[in-house]
Amino acid sequence: MIPSDVAPSMAPAAARDALILNDCSIQVATVNGSGSQTANLVLIRSIFQMGVPVSGKNLFPSNIAGLPTWYTIRANARGFIGRKKEIDVLVAMNPETARDDVLALPPGAVTLCDESLGVHDLRDDLVTYVVPFDALVASIAPDARLRRLVRNMVYDGVLSTLLGIERDEMRRALERQLGRKPRALELNLRALDAGAEFAQASLVKRDPYGIRRMDATAGKILIEGNAAAALGCLMAGVTVVAWYPITPSSSLCETLIDYLETYRRDASTGKATYAVVQAEDEIAALGMVIGAGWAGARAMTSTSGPGISLMAEFTGLGYYAEVPAVIFDVQRVGPSTGLPTRTAQGDIASAAGLSHGDARHPLLLPHSVEECYAFAIRAFDLAERLQTPVFVLSDLDLGMNTWMADPFPYPEVPQDRGKVLTRDDLARLDGWGRYKDVDGDGIARRTRPLDGLPPTFTRGSGHNEMGGYSEKPDDYVRNVDRLSRKFETARGLVPAPEVDTVEGAALGIIAFGTSHWGVAESRDQLARERGIATSYLRLRAYPFADAVEAFIAAHARVYVVEQNRDGQLFGLMRAELDPALTARLRSVRHYNGLPLDARTVTDVILSHEEPR
Amino acid sequence: MIPSDVAPSMAPAAARDALILNDCSIQVATVNGSGSQTANLVLIRSIFQMGVPVSGKNLFPSNIAGLPTWYTIRANARGFIGRKKEIDVLVAMNPETARDDVLALPPGAVTLCDESLGVHDLRDDLVTYVVPFDALVASIAPDARLRRLVRNMVYDGVLSTLLGIERDEMRRALERQLGRKPRALELNLRALDAGAEFAQASLVKRDPYGIRRMDATAGKILIEGNAAAALGCLMAGVTVVAWYPITPSSSLCETLIDYLETYRRDASTGKATYAVVQAEDEIAALGMVIGAGWAGARAMTSTSGPGISLMAEFTGLGYYAEVPAVIFDVQRVGPSTGLPTRTAQGDIASAAGLSHGDARHPLLLPHSVEECYAFAIRAFDLAERLQTPVFVLSDLDLGMNTWMADPFPYPEVPQDRGKVLTRDDLARLDGWGRYKDVDGDGIARRTRPLDGLPPTFTRGSGHNEMGGYSEKPDDYVRNVDRLSRKFETARGLVPAPEVDTVEGAALGIIAFGTSHWGVAESRDQLARERGIATSYLRLRAYPFADAVEAFIAAHARVYVVEQNRDGQLFGLMRAELDPALTARLRSVRHYNGLPLDARTVTDVILSHEEPR
Amino acid sequence: MGTPSSTPGGKTNRLGLAIQTYRGSKTTLCAGCGHNAISERIVDAFFEMGVEPAQVAKFSGIGCSSKSPAYFLAGSHGFNAVHGRMPSIATGALLANRRLLGIGVSGDGDTGAIGIGQFVHLMRRNVPLIYIIEDNGCYGLTKGQLSPTADLGSVLKNGVVSDLPPLDTCTLAIELGASFVARSFSGDKKQLLAILKAAISHRGTCLIDVLSPCVTFNDHEGSTRSYAYVKDHDEPVGDVSFVPFFDDITVEYDAGTTAEVRMHDGSRLLLHKLAADYEPTDRAQSLALLRDYATRGEFATGILYIDPAAPSFVDLLGLVDDPLADLPQARTRPGREVLETIMASLR
Amino acid sequence: MGTPSSTPGGKTNRLGLAIQTYRGSKTTLCAGCGHNAISERIVDAFFEMGVEPAQVAKFSGIGCSSKSPAYFLAGSHGFNAVHGRMPSIATGALLANRRLLGIGVSGDGDTGAIGIGQFVHLMRRNVPLIYIIEDNGCYGLTKGQLSPTADLGSVLKNGVVSDLPPLDTCTLAIELGASFVARSFSGDKKQLLAILKAAISHRGTCLIDVLSPCVTFNDHEGSTRSYAYVKDHDEPVGDVSFVPFFDDITVEYDAGTTAEVRMHDGSRLLLHKLAADYEPTDRAQSLALLRDYATRGEFATGILYIDPAAPSFVDLLGLVDDPLADLPQARTRPGREVLETIMASLR
Ligand SMILES: Cc1ncc(C[n+]2csc(CCOP(=O)(O)OP(=O)(O)O)c2C)c(N)n1
Ligand SMILES: Cc1ncc(C[n+]2csc(CCOP(=O)(O)OP(=O)(O)O)c2C)c(N)n1
Ligand code: SF4
Ligand code: SF4
Ligand SMILES: [Mg+2]
Ligand SMILES: [Mg+2]
């Protein structure tokens with residue numbers, strides 16, 4: 001590399017002088033199955049290794065190969081790593097979408113594209129860098145097939161130079177990915193260098209974006225929500241897993257299977273301390289979980305919308321016969337098949353009351369990979385404590401995308417196996433009845449088969465306190481009233497909301513799950529751009545804690561932000577909370593299948609607060 | 001029969017002198033499968049033939065033979081024929097329950113029992129008539145097996161004398177039942193006479209109840225709700241029926257099959273103008289209905305709670321792919337198997353939003369057999385007009401019990417087949433798209449296979465206005481926003497509520513379906529007993545008409561009366577209507593599996609209005 | 001009052017338990033229902049085999065047949081699930097506690113219609129469960145609709161004729177991988193008892209299809225004693241809500257012979273008992289035999305197929321010997337070092 | 001761009017339509033996926049048989065296979081239903097309009113796992129539908145999990161081994177009452193085309209199980225060219241999200257002979273083509289033959305069983321000749337006198 005070849009403005013120093021540091025969104029538009037995962041992971045990892053908060057989101061089609069896919073990285077020094085509505089830097093790799101991708105950019109955005117795409121002079125309000133991908137890969141990979149593969153690493157190289165992402169970090173990240181494959185590693189390293197060196201040699205930096213080392217990621221991990229939930233199940237001590245594949249939940253059980261195989265074989269015998277069944281469908285999966293829970297196992301399944309619909313009947317059985325079960329719903333866009341590879345929070349209403357008849361279920365609502373992990377553990381404890389199906393509502397954005405997190409803490413609380421009767425208990429209780437409310441919390445004591453205690457006959461039909469079959473009106477009422485009482489008990493046991501009350505704020509915001517990320521940044525926008533202070537309640541579970549009403553009462557107007565068309569949480573709150581308070585609620589809904597971005601929230605709130 | 005044997009007070013005149021005329025509840029306690037249906041039908045029919053408003057309710061166990069069952073008749077001159085909480089006259093025929101049955105009676109009630117039951121001197125605050133059933137039947141039927149059968153007719157005879165039910169009307173009713181079986185008829189007539197004559201000879205009337213001829217049933221019919229709905233389907237011109245047996249809905253399709261076999265074979269060929277399939281389960285049943293609806297048939301299924309749960313996924317497909325379907329839900333007590341032979345209104349919440357994701361479905365809420373008939377017809381029109389699944393929510397009380405009604409009117413409105421595109425339409429429209437909202441009402445035009453118009457590709461996955469596959473965020477939003485608009489259109493098309501606004505009433509009551517009967521009588525109780533005037537809105541469909549908000553606005557407090565634990569309608573209203581108004585709502589819930597009675601409603605309302 | 005049993009009272013079994021211990025609560029099924037006779041044989045079999053009742057888990061779906069687990073083995077654990085989904089519940093429970101001896105009772109509607117999917121996959125997995133179909137060719141509990149095992153030509157009360165070929169659950173079970181497949185008749189005390197006892201000893205799925213007459217709804221056209229006949233031919237009964245009392249139908253016949261059983265409604269059932277030397281270990285032969293008899297309108301009865309060596313699902317999954325449900329936290333929650341290793345790999 | 005077809009362009013069929021008319025939109029399946037080859041054969045068959053495209057209704061469930069109806073017969077009606085439930089949708093539609101020629105495409109997961117219940121009952125009813133299973137032994141669309149037709153011993157990417165016996169959908173179909181049952185291979189153009197053409201002429205359920213390699217996920221352990229090999233053996237590729245391009249596998253072999261087909265992953269498939277004089281009308285013989293070949297690890301291909309005379313479900317129901325969907329109100333709403341008669345009977 002001859003120093004004089006380097007255009008002066010592209011010296012490493014140039015990137016360091018960038019106007020907008022550590023705050024940009026980068027989108028790589030490519031084709032499904034074309035193998036860009038390594039390049040994208042190297043990109044996000046290298047930024048992460050530089051200490052800059054970052055997230056990566058994969059927007060992929062519902063097929064296997066050949067259709068457009070977009071990978072978006074958000075880096076933000078202040079930790080706002082939700083989706084940014086605007087793309088700052090586009091890497092156009094897909095001939096089919098390049099035109100639309102470029103046309104959709106905001107003025108001033110950056111494009112990195114191949115000349116052959118013919119999009120470099122579509123607009124004159126962009127900063128466009130033309131990269132001769134073909135020529136660059138030809139120089140490294142003689143074999144045409146290999147060229148297709150390393151092509152992606154070239155844009156990493158170019159971006160490294162343009163944005164100032166340290167090439168050594170990229171190399172480290174690449175080694176991490178391909179360390180066990182020396183030839184692959186070598187080729188990719190060459191592609192990386194070729195891209196970086198081309199940029200240094202031939203591009204003049206004209207955009208304001210830059211990445212600069214900071215210290216906000218030290219000790220942190222990168223993980224997807226599904227893997228985090230799987231880890232939670234592993235550490236919760238799950239023993240029976242029954243599942244049926246469905247996007248975007250499959251990787252939860254698949255990762256869990258990997259962990260179980262590795263860490264849950266009996267030391268001495270090598271035998272499994274768990275059973276995993278790929279069931280024939282979601283009905284069977286939940287049936288197995290309920291059968292296992294009845295027999296005393298910690299059992300779980302994971303699914304997405306269509307599976308939730310299919311689980312309605314068995315969920316009702318679990319509720320009414322009072323059998324623990326943990327159900328992960330990694331939500332996608334419904335109804336019906338909908339958009340299987342897009343994110344939503346559209347199952348909260350159906351999950352809350354899943355089943356015909358009167359039924360209510362606790363829902364845990366993680367917003368982060370940390371909570372995917374922690375709530376997974378908690379879900380098993382709650383399911384056994386409450387003897388009922390417990391849902392963990394994640395979503396595609398959280399489950400399948402890469403998130404930064406603090407390392408997960410080892411669970412210090414021992415497993416809560418709930419009110420399982422022992423011989424001693426039995427002696428103490430006078431006249432045990434399976435469905436008797438001895439403690440007034442609606443939770444009766446159960447036995448497990450083979451514990452040597454009196455057997456029970458469990459059924460989804462009418463039963464009395466003693467567990468006997470009954471069609472008597474009073475028995476039915478006594479039983480379902482107790483179930484209502486139990487749900488009240490659940491209210492106090494599920495994770496409490498996280499509340500950030502700002503002195504003097506007239507506005508409140510309520511959100512749950514991944515909507516948090518858009519809301520957190522929107523609050524910042526409202527405050528910085530319009531001087532509007534907002535308080536915030538992040539709901540972490542259903543049933544609603546009393547704190548929710550208190551929060552609403554403390555604010556004049558409260559925006560309920562969620563990712564579905566019908567304002568399902570908003571509806572649930574209106575149905576269950578004091579109308580005097582719910583009159584203050586406003587619904588903010590986002591439902592196009594993309595993760596919620598801050599600007600959308602800000603715009604809707606401003607349209608109410610500052611109507612034109 | 002020697003005249004002097006007749007105790008003077010028991011002459012027919014005696015009954016006519018009864019203090020409480022044409023207002024009583026009669027309960028016959030017997031054993032499932034013991035063959036009391038004829039006797040009970042004769043009882044209700046003869047009262048009906050005497051012109052007295054009457055209803056009959058069967059309270060039966062979830063098995064086939066040998067368990068307790070109760071048949072209750074309510075006669076009321078003013079037409080209050082809902083369940084009466086108190087039993088006025090008990091016919092104790094079941095040794096197993098006789099003791100409990102007698103102990104549960106209010107003071108002053110009447111018992112008619114066999115000496116051998118040993119319950120006649122359990123209480124001294126009842127009017128007890130002892131009838132020697134064994135001796136009476138022995139005198140008529142030599143064969144022991146036959147004795148068991150005619151035994152029931154004996155109590156009819158006794159009641160005829162005691163209450164003054166004209167024996168000729170009983171004979172007519174009996175002939176109607178057994179006309180084609182002369183031997184059976186003869187034997188039963190003898191049993192009837194034996195009972196009546198025994199009572200005349202040996203019993204002294206000491207109770208206040210009597211039935212006297214009036215003129216409130218002329219021209220009316222007696223029918224069960226399921227049969228009425230089946231008639232509605234027949235007259236609607238249903239062409240494809242797919243069902244799976246489940247109590248209490250089976251008799252709907254079974255009656256429909258009978259009608260179709262009789263009245264819907266092609267005159268010339270004898271071939272069927274309909275297809276009926278007993279499907280393998282409820283999922284398949286709804287699948288067939290949706291397939292048929294897609295192909296242009298008028299298709300329906302009927303089920304109950306567990307089936308509704310199983311239909312969640314397909315209902316979402318019907319909603320999102322926009323296929324007409326009619327689903328009858330004859331509600332029973334849930335969740336899970338629950339109490340399969342008891343009544344409830346517990347599926348309204350799950351049906352309204354059935355499916356994962358965002359989905360809303362029109363619900364029709366008949367309160368009477370007339371409406372079962374009329375709404376069945378209307379449901380097909382609405383399903384085709386709206387191109388969506390439409391639910392008709394009946395219940396066990398309405399569906400399986402015998403109700404009085406005006407004869408059903410012939411449908412004067414022609415079938416509404418909805419926006420089915422013709423060649424001419426196609427020529428007129430510029431650029432037809434399957435999911436284009438040409439009229440602004442959210443309803444797009446559809447084609448049917450083999451009409452010779454452009455084919456469509458229907459799917460439950462994302463699609464654009466042209467019906468093409470799409471994962472585009474904007475296409476999705478445009479489409480589901482149109483579905484919301486369509487639901488707004490539905491609001492104006494579904495049956496409007498029936499409103500009875502009483503001048504100056506501060507209280508309003510809202511109810512739907514069979515809760516009507518308890519409410520109607522409760523309003524009378526509130527007015528007569530406490531001078532409390534109430535207005536009444538009887539909801540006949542979901543989505544809610546604007547009249548609902550207007551009604552609430554016009555009253556200080558509005559009681560929402562329904563037959564489920566969680567106040568599901570109450571919750572739906574709070575979720576969807578203005579909180580300023582819903583603050584006025586109070587929830588009245590009844591959920592023990594028995595039909596709602598007036599006294600329960602009155603008591604709950606008074607506990608709010610006149611707290612101690 | 002327990003289910004009466006044919007075994008004389010007083011005696012005790014190898015556990016020292018009396019037969020009463022194996023009974024259940026009083027049946028609520030119709031008098032004469034074949035299902036009751038099956039419950040009695042289950043009582044006898046578990047008594048005679050000396051099984052500890054508390055070790056048994058009873059499973060069922062929904063139907064008259066599915067009610068019967070309440071009528072035997074009161075000392076056992078019971079789970080009466082939802083319609084057609086017993087197999088998944090049983091699978092989960094038996095994986096959670098491999099020491100449970102599982103017995104499931106289903107109906108021909110519960111299994112053959114709504115439940116056929118779970119049936120197929122349970123058979124395929126060879127889950128260690130005694131799976132009894134109480135097969136009456138109709139839906140008893142919902143009042144007599146046709147089930148998928150109804151004979152071609154059988155007639156519903158309203159005149160609907162079964163015009164589809166009957167499902168043969170035994171053939172399916174053999175095809176799908178069940179390792180023990182048998183057929184019997186509810187009234188053949190000796191054979192049914194012997195089959196049940198063999199099943200108790202087998203580890204793997206035991207599918208036992210037991211022909212079991214529904215006295216109340218099984219109504220064959222043309223029968224001279226059928227319920228329809230009673231109703232329509234001017235006998236003095238005349239009440240549709242009347243369920244007549246019938247006695248149990250019993251039959252005894254020798255191995256290798258065919259018996260004709262007259263049902264309550266006058267229809268006949270042809271049962272062929274497999275010869276004593278029949279070798280039920282050749283799948284192809286068993287299937288051919290079933291088809292053969294079916295073509296002749298007869299039911300082959302006895303143990304039709306058995307593969308004692310087939311690995312059960314519990315074997316296939318390589319589970320630890322202790323019940324999963326019983327594993328203490330120390331064996332199910334990996335240690336700190338595991339979490340740390342994983343965390344390190346994600347950094 | 002339509003699906004390319006092997007029939008030369010330019011020609012027209014008896015309706016005067018060109019082959020383009022029978023194509024669909026561009027496939028979005030992987031290059032080399034067997035499903036694409038099947039779509040091409042469907043195009044050829046409907047073209048050659050001269051079927052009016054608008055008369056055809058295409059049905060499917062969910063999966064890569066179930067996407068394919070979009071890739072053939074653009075001029076036909078299509079209904080892409082939910083996972084595993086295509087049979088009920090098709091049944092309803094074909095009853096509603098008996099003039100529709102129905103073709104359903106499903107996958108081995110869609111049919112064998114979640115959909116096996118509806119499969120069983122569709123076969124039993126002999127619904128007039130060409131039911132194609134594009135059988136790749138895995139779940140393609142959800143990225144390669146094992147399906148119930150996976151060979152014993154096949155291995156998932158994460159090491160999970162298929163240890164359950166494969167479901168044989170052809171055997172089941174014959175047992176259950178389907179009147180036309182065939183098996184072929186996606187790459188055997190001649191045989192598949194011939195079978196499809198025969199199916200188009202048959203009235204009743206035609207179950208066609210077409211072995212169809214998933215080039216992306218079907219991953220047999222030990223294979224030297226498998227994706228796992230490519231990934232783990234230090235070839236320079238190294239990106240798990242990369243889907244390699246493969247060509248279609250084609251095979252041509254004679255009736256009565258066995259062909260060994262090498263799959264993309266190096267594994268082999270043994271296909272035995274039934275002899276030209278094979279008589280597929282004896283159910284028992286067909287079943288025996290299937291079992292025979294299966295024991296030898298071979299797939300018998302060709303039309304395995306056919307009963308041309310079996311009444312279809314539409315026949316059984318005795319429907320009027322006109323489509324039910326088309327009946328005018330005059331034929332579906334009984335007259336006033338009917339209602340009056342009924343009312344009178346209720347008075
Ligand atoms: C999901 C669901 N659908 C329908 C029913 C109604 N149902 C109860 S039992 C039964 C059929 C029982 O038939 P079978 O299994 O043959 O048992 P049998 O009564 O004949 O012994 C049906 C359809 C139900 N309980 N749940
Ligand atoms: C109710 C439901 N569960 C799960 C899924 C996810 N899913 C989509 S396709 C598929 C399997 C497809 O396998 P197969 O039918 O063999 O088709 P292939 O892709 O192999 O052609 C699954 C499980 C779904 N769409 N719906
Ligand atoms: S209805 Fe039939 S199956 Fe049910 S209990 Fe009675 S006889 Fe048995
Ligand atoms: S993943 Fe497999 S089945 Fe799906 S399109 Fe690709 S090759 Fe075909
Ligand atoms: Mg049955
Ligand atoms: Mg497949």
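Quick caveat, the model's predicted, so the values are computed rather than measured. Sequence lines set the chain letters: A, B, ... in the order given, protein chains first and strands last, and positions in each chain run from 1.
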Report the option among [options] that has the most heavy-atom pairs separated by less than 4.5 Å from atoms of chain B.
options                       : answer
D/Q55, D/R331, D/H77          : D/H77
D/L317, D/L100, D/T91, D/D322 : D/L100
D/L95, D/D321, D/V56, D/L324  : D/L324
D/P323, D/G318, D/A90         : D/G318
D/L94, D/D326, D/V314         : D/D326
D/A81, D/A57, D/S76, D/A344   : D/S76

- Message: Can a donor-acceptor pair be found, under 3.5 Å and without considering hydrogens, that links the side chain of B/R264 to the backbone of D/T332?
- Response: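 Yes.
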- Under 3.5 Å, is there a donor-acceptor pair between the side chain of D/R347 and the main chain of B/I221? no
Taking side chain as everything from C-beta outward and backbone as N, CA, C, O, which of these in [X] sits under 4.5 Å from a heavy atom of chain D? Side chain, backbone, both or neither.
X      : value
B/L260 : neither
B/T273 : both
B/Y259 : side chain
B/L222 : both
B/A284 : both
B/E224 : neither
B/A275 : both
B/V323 : side chain
B/P409 : backbone
B/Y320 : neither

Would you compute the distance between atom [atom1] of [X] and atom [atom2] of [Y] and round it to the nearest 0.5 angstrom?
X      : Y      : atom1 : atom2 : result
D/L339 : B/L231 : CG    : CG    : 6.5 Å
B/E282 : D/S88  : CD    : OG    : 12.5 Å
D/I342 : B/T262 : CD1   : OG1   : 8.0 Å
D/R336 : B/M235 : CZ    : CE    : 8.5 Å
B/D266 : D/L327 : CG    : CG    : 8.0 Å

- Residue by residue, which of residues 118-127 of chain D have a heavy atom closer than 4.5 Å to a heavy atom belonging to chain B?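 Under the 4.5 Å heavy-atom cut-off, D/Q118, D/H121, D/R125 qualify.
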If you count heavy-atom pairs under 4.5 Å with chain D, which of [options] comes out on top?
options                        : result
B/I283, B/I223, B/I290, B/V240 : B/I283
B/D281, B/V289, B/L450, B/D451 : B/L450
B/G219, B/A321, B/S461         : B/G219
B/M404, B/R298, B/E412, B/R417 : B/E412
B/L234, B/T269, B/L453         : B/L234
B/A267, B/A292, B/A295         : B/A292

- Query: Which atom pair, heavy atoms only, marks the closest approach of D/L346 to B/R45?
  - Reply: O-NH2, 3.2 Å
- Query: side chain to side chain contact (heavy atoms under 4.5 Å, CB included) with B/Y410: which of D/E340, D/M343, D/E337, D/R333?
  - Reply: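 Of D/E340, D/M343, D/E337, D/R333, side chain to side chain contact (heavy atoms under 4.5 Å, CB included) with B/Y410 is met by D/R333 alone.
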- Task: Could you label the plane-to-plane angle of the D/F79 and B/W294 rings as parallel, tilted or perpendicular, counting under 30° as parallel and over 60° as perpendicular?
- Result: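 Judged by the thresholds at 30° and 60°, the geometry between D/F79 and B/W294 is tilted.
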